[in-house]
Amino acid sequence: MLGTGSERIALPSAVRDVEGLRALLVARGGEWEQALAPSRPVRAAVNQAMAHGDTPVADGDEVAFFPPVTGG
Amino acid sequence: MTVRIQAADFDVGAEIAALRRGNPRIGAVASFIGLVRDTNEGGTVAEMSLEHYPGMTEKAIEEIMVQARARWSILDALVIHRVGRLRPTDQIVLVVVASAHRGDAFAACEFIMDYLKTRAPFWKKEQTGGGARWVEARESDDIAAERWRLKG
């Protein structure tokens, strides 16, 4: 959807949690804003563990945003 | 307790035989097999592709199995989930739970499957007559998983 599988970014000091990172990406506009808008059912993981909006994010962490899962 | 994510098909009989081989404490084995249907949301599905999040998917399923072991008396368990291109009638997922008595095996098998549906990162993309579409999550799956929380 975003045309990228992964990306490495330097974390601004103002971003401390998953919600903050999501807002940073939404601010890029375009498809980022569409895909990660607050109204979208987006799930997140930090270092490969399911996370919530208030889960802390630090430099070096692996953060993933994805749609609700549909396996099984 | 074993988790395997693979493109290849699996032999249910061989997997169950291997899981229970030589363990006389096992008195019950419950299994669930998920299959590709040829219809979904009113459309005909010709083929689907399954993606996952390598690393996290295995961890998420292992965590679900650890939770199951904490709640029920389980002697062994196995989850195999396929990824890649699949067609109707293909096997997608296998859950096997072995225990001394059937109650634990039945409950843990259903719990693992319900949690896998809502917590393990897999995504299905269907090829239908109208093109490709990502499968949307079902609210009924969330409700199924939530039941286990209430029962605690």
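Labels below follow one simple rule: chain letters A, B, ... track the order of the sequence lines, proteins then strands, and each chain is numbered from 1. All heavy atoms count here, side chains included; hydrogens, waters and symmetry mates do not.
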Same cluster or not: are [X] and [Y] linked, directly or through other Ile, Leu, Val, Met, Phe, Trp or Tyr residues, by side-chain heavy atoms under 4.5 angstrom apart?
| X | Y | value |
| --- | --- | --- |
| B:Ile26 | B:Val97 | no |
| B:Leu78 | B:Val95 | no |
| A:Val42 | A:Leu24 | yes |
| B:Ile33 | B:Val96 | yes |

Checklist line | Check against side-chain contact (heavy atoms from CB on, under 4.5 Å), A:Phe66 and B:Glu51 | finding: CA-CA 12 Å; A:Phe66 45 78; B:Glu51 291 191 10; over 6 Å; no
Notebook entry, point to check: Nearest heavy-atom pair of A:Gln48 and B:Lys59: which atoms, and what distance?
Noted result: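 Smallest heavy-atom distance, with atoms named: OE1-NZ, 3.1 Å.
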Next item on the list: Could you tell me which non-hydrogen atom of B:Leu50 sits nearest to which non-hydrogen atom of A:Gly71, and how far apart they are?
Entry: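 In terms of heavy atoms, the two residues are closest at CD2-CA, 4.5 Å.
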Checklist line | Under 4.5 Å from any heavy atom of chain A - which part of B:Glu136 | finding: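 Looking at B:Glu136, just its backbone touches chain A.
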Next item on the list: Would you mind checking which part of B:Ala60 comes under 4.5 Å of any heavy atom in chain A, side chain (CB onward), backbone (N, CA, C, O), both or neither?
Entry: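 Looking at B:Ala60, nothing touches chain A.
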Can you tell me if [atom1] on [X] sees more than 12 non-hydrogen neighbours from other groups inside 6.0 Å?
| X | atom1 | value |
| --- | --- | --- |
| B:Arg119 | CZ | yes |
| A:Arg28 | CZ | yes |
| A:Glu7 | CD | yes |

Note to self: Could you check whether any side-chain N or O of B:Lys117 sits under 3.5 Å from a backbone N or O of A:Thr70, counting only pairs where one atom can act as donor and the other as acceptor?
What the structure shows: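 Checked: no pair found.
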Checklist line | Donor-acceptor contact present, side-chain B:Lys124 to main-chain A:Val69, <3.5 Å | finding: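 The answer is no, because no donor-acceptor pair under 3.5 Å joins these two groups.
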Next item on the list: Mind ranking A:Ala64, A:Pro67, A:Ala49, A:Ala45 by heavy-atom pairs under 4.5 Å with chain B and telling me who comes out on top?
Entry: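 Counting heavy-atom pairs under 4.5 Å, the top option is A:Pro67.
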Next item on the list: Tell me, out of B:Phe122, B:Tyr53, B:Trp123, B:Phe32, who's got the most heavy-atom pairs with chain A below 4.5 Å.
Entry: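 Of B:Phe122, B:Tyr53, B:Trp123, B:Phe32, B:Trp123 has the most heavy-atom pairs under 4.5 Å with chain A.
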Margin query: Quick one, A:Met50 with B:Glu63, criterion side-chain contact (heavy atoms from CB on, under 4.5 Å). Give me CA distance, side-chain angles, the key distance, then yes/no.
Written below: CA-CA 11 Å; A:Met50 283 291 190; B:Glu63 168 63 23; over 6 Å; no
